[in-house]
Protein chains: 2
Amino acid sequence: MVSEFDLIARYFDRPARSAVLGVGDDAALIRPAAGMELAVSADMLVAGRHFLADADPAQLGHKALAVNLSDLAAMGATPRWALLSLALPAADEAWLAGFSQGFHALAERFDVDLVGGDTTRGPLNLSVTILGEVPAGRALRRDGARVGDDVWVSGELGGAALGLRHLLGEVALNEAEAAACLARLHVPEPRVALGFALGGVASSAIDVSDGLVADLGHILERSRVGAEIELAAVPADAALAARLDAAALNCLLAGGDDYELCFTAAPDRRGAIQAAGATTGVPVSRIGRIVAVPGLSIRRPDGSLLDMEVAGYDHFAG
Amino acid sequence: MVSEFDLIARYFDRPARSAVLGVGDDAALIRPAAGMELAVSADMLVAGRHFLADADPAQLGHKALAVNLSDLAAMGATPRWALLSLALPAADEAWLAGFSQGFHALAERFDVDLVGGDTTRGPLNLSVTILGEVPAGRALRRDGARVGDDVWVSGELGGAALGLRHLLGEVALNEAEAAACLARLHVPEPRVALGFALGGVASSAIDVSDGLVADLGHILERSRVGAEIELAAVPADAALAARLDAAALNCLLAGGDDYELCFTAAPDRRGAIQAAGATTGVPVSRIGRIVAVPGLSIRRPDGSLLDMEVAGYDHFAG
């Protein structure tokens with residue numbers, strides 16, 4: 001029997017240009033290029049937790065794929081194929097049309113083929129698996145940071161978190177600020193080209209989805225090192241730079257959803273990293289260095305250290 | 001910040017024996033063998049739709065993986081890697097312990113590495129992506145059935161659907177029957193070895209997840225052919241064979257969740273198929289043949305044709 005959810009699946013039934021066999025069989029068939037490793041990642045977005053139930057469907061389609069592309073960017077991998085599993089409370093055509101448009105538009109921009117997935121009735125849930133290719137041995141892992149490396153971050157941080165606080169009525173942004181911050185929150189731009197350009201240059205990388213302190217913390221844990229960060233060097237979103245209170249600091253250091261890259265590299269790679277940023281049109285900022293002492297310390301412009309415990313970041317403090 | 005859901009994820013953090021890099025980075029890294037195509041599939045199971053909210057967690061862990069392994073079996077692919085994304089209403093340790101035990105036990109039996117996924121709070125949702133390998137050109141697709149091919153099915157059909165009707169109080173099974181049918185429903189055995197053995201022998205294959213009529217119908221549609229089936233040749237579950245009413249017929253022909261394989265092959269491959277069944281310990285039954293006239297007809301032992309429209313199977317009738 002063909003259900004309304006089988007019909008819905010047709011919104012996602014596009015010819016797969018780069019797969020041996022796309023949607024419509026028990027599995028898709030893909031053929032990774034010789035000498036390549038396959039980078040595979042999955043992210044699940046749930047209504048009420050990762051987005052509001054009344055979120056714009058086209059933006060949601062964009063974001064569901066973007067957060068997965070960002071994971072591959074952080075590996076230095078080139079995204080190739082995606083699978084999308086959707087649970088929907090009802091067969092809402094308008095929603096589906098918007099969602100699939102947002103998803104496909106981003107997929108096409110990055111040459112990603114949607115090769116499989118599932119569609120079913122249930123509480124709204126967006127589950128995406130992404131597959132990409134990276135030359136063997138060239139992936140940017142979390143465990144490669146070395147003492148003496150610089151710590152870098154791409155773009156500006158804190159805008160998405162500030163946009164969320166604006167939505168929640170906790171801060172008042174002017175119209176231009178709100179537009180910029182909500183775009184950061186709802187339509188993140190995965191740093192795929194930069195991540196690829198950093199392959200063979202950076203020593204480790206992660207995407208900033210949970211906030212700089214938490215995500216840099218993952219690099220430090222996996223690499224068994226520490227880091228010293230200069231607060232003044234951390235690139236703040238423009239709307240954030242106009243505010244210098246505790247909430248702004250929290251957005252800057254612990255705000256998630258920016259999907260910038262945080263990465264490390266030996267000091268002799270500074271030129272190569274600046275070139276990677278210039279080539280891909282993404283600003284890169286050197287914000288500190290890797291040290292042997294475990295934990296993360298952040299220095300204010302006056303030389304004093306941020307109290308990580310008071311700031312609520314104690315888990316990653318030494 | 002490490003949340004309870006990050007902690008939960010540790011239930012699934014096992015060393016990946018066959019991956020370059022497993023759980024714990026932005027993506028896993030895997031290296032498919034040379035000359036292999038990668039078969040990729042995803043299935044999403046939702047509480048209240050695919051299983052009861054109070055289902056045994058170990059059986060659920062088994063089933064969430066088994067239905068995905070079955071998709072690869074139907075491609076003739078060898079499963080290698082899985083990703084598991086879980087939305088859970090609460091951090092229930094006992095449930096997690098049971099679920100992960102059931103999942104890992106089946107994964108180990110089939111040498112599948114869990115290499116990634118996601119864990120978040122939300123309405124119960126189990127989303128699995130499976131990756132496997134198949135020699136290039138040897139995959140069992142749905143579009144390969146040819147006029148004159150035999151139609152085959154593995155094992156027995158209808159037991160899972162009968163078990164569900166027993167659970168719903170619609171039929172009364174004796175204790176032995178109930179145990180057997182509920183095992184078919186809750187702990188399906190994916191026909192991975194049989195599917196692999198059918199590679200290069202069968203002309204098409206699908207797994208019977210939505211019922212024989214619907215799933216064979218997918219082969220017929222994709223292959224642009226029809227089929228004539230002998231009802232008496234369709235292998236019925238033992239508990240079903242003892243009942244010969246309309247409900248039993250519905251379980252046999254339209255009952256889902258059996259996860260047997262339905263496949264086609266040229267008549268000169270009968271010996272090879274019997275050998276594949278014998279080698280892998282799975283009975284195989286020849287139930288009909290592929291014809292040029294589109295649609296599916298099912299012949300009763302008395303020679304009359306089952307009225308597909310009355311039976312509710314009209315979508316696939318010519």
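Chain letters run A, B, ... following the sequence lines, proteins first, then strands; residues in each count from 1.
- Residue-environment remark: CZ (B:F196) stays at or below the threshold of 12 foreign heavy atoms within 6.0 Å.
- Taking CD1 of B:I130 as the start and OG1 of A:T129 as the end, the distance is 11.0 Å to the nearest 0.5 Å.
- Ranked by heavy-atom pairs under 4.5 Å with chain B, the list A:S41, A:G116, A:A28 is led by A:A28.
- Chain B forms more heavy-atom pairs under 4.5 Å with one residue of A:A39, A:S70, A:P123 than with any other, namely A:A39.
- With a 4.5 angstrom heavy-atom cutoff, A:L72 touches chain B only via side-chain atoms.
- The residue among B:L83, B:D143, B:L124, B:V40 with the most heavy atom pairs within less than 4.5 Å of chain A is B:V40.
- Between the A:S85 side chain and the B:S127 main chain, no donor and acceptor come within less than 3.5 Å of each other.
- Interatomic distance, B:N68 CG to A:D26 CG, rounded to the nearest 0.5 Å: 11.0 Å.
- Using a 4.0 Å cut-off between charged side-chain N and carboxylate O, B:R142 and A:D25 make a salt bridge.
- Interface residue B:L140: only backbone heavy atoms are found under 4.5 Å from chain A.
- Taking every heavy atom of both residues into account, A:R49 and B:R121 meet most closely at CD-O, 3.2 Å.
- Nearest heavy-atom pair across A:V46 and B:G122 is CG1-CA, 3.9 Å.
- Contact record, B:M44 with A:D118: N-OD2, 2.7 Å, taken as the closest heavy-atom pair.
- Heavy-atom distances place no part of B:A47 under 4.5 Å from chain A, backbone and side chain included.
- Using a 4.5 Å cut-off between heavy atoms, A:L38 touches chain B through backbone and side chain atoms alike.
- Using a 4.5 Å cut-off between heavy atoms, A:L45 makes no contact with chain B at all.
- Neither the backbone nor the side chain of A:A77 comes within less than 4.5 Å of any heavy atom in chain B.
- The side-chain heavy atoms of B:E37 and A:I30, taken from C-beta on, include no pair separated by under 4.5 Å.
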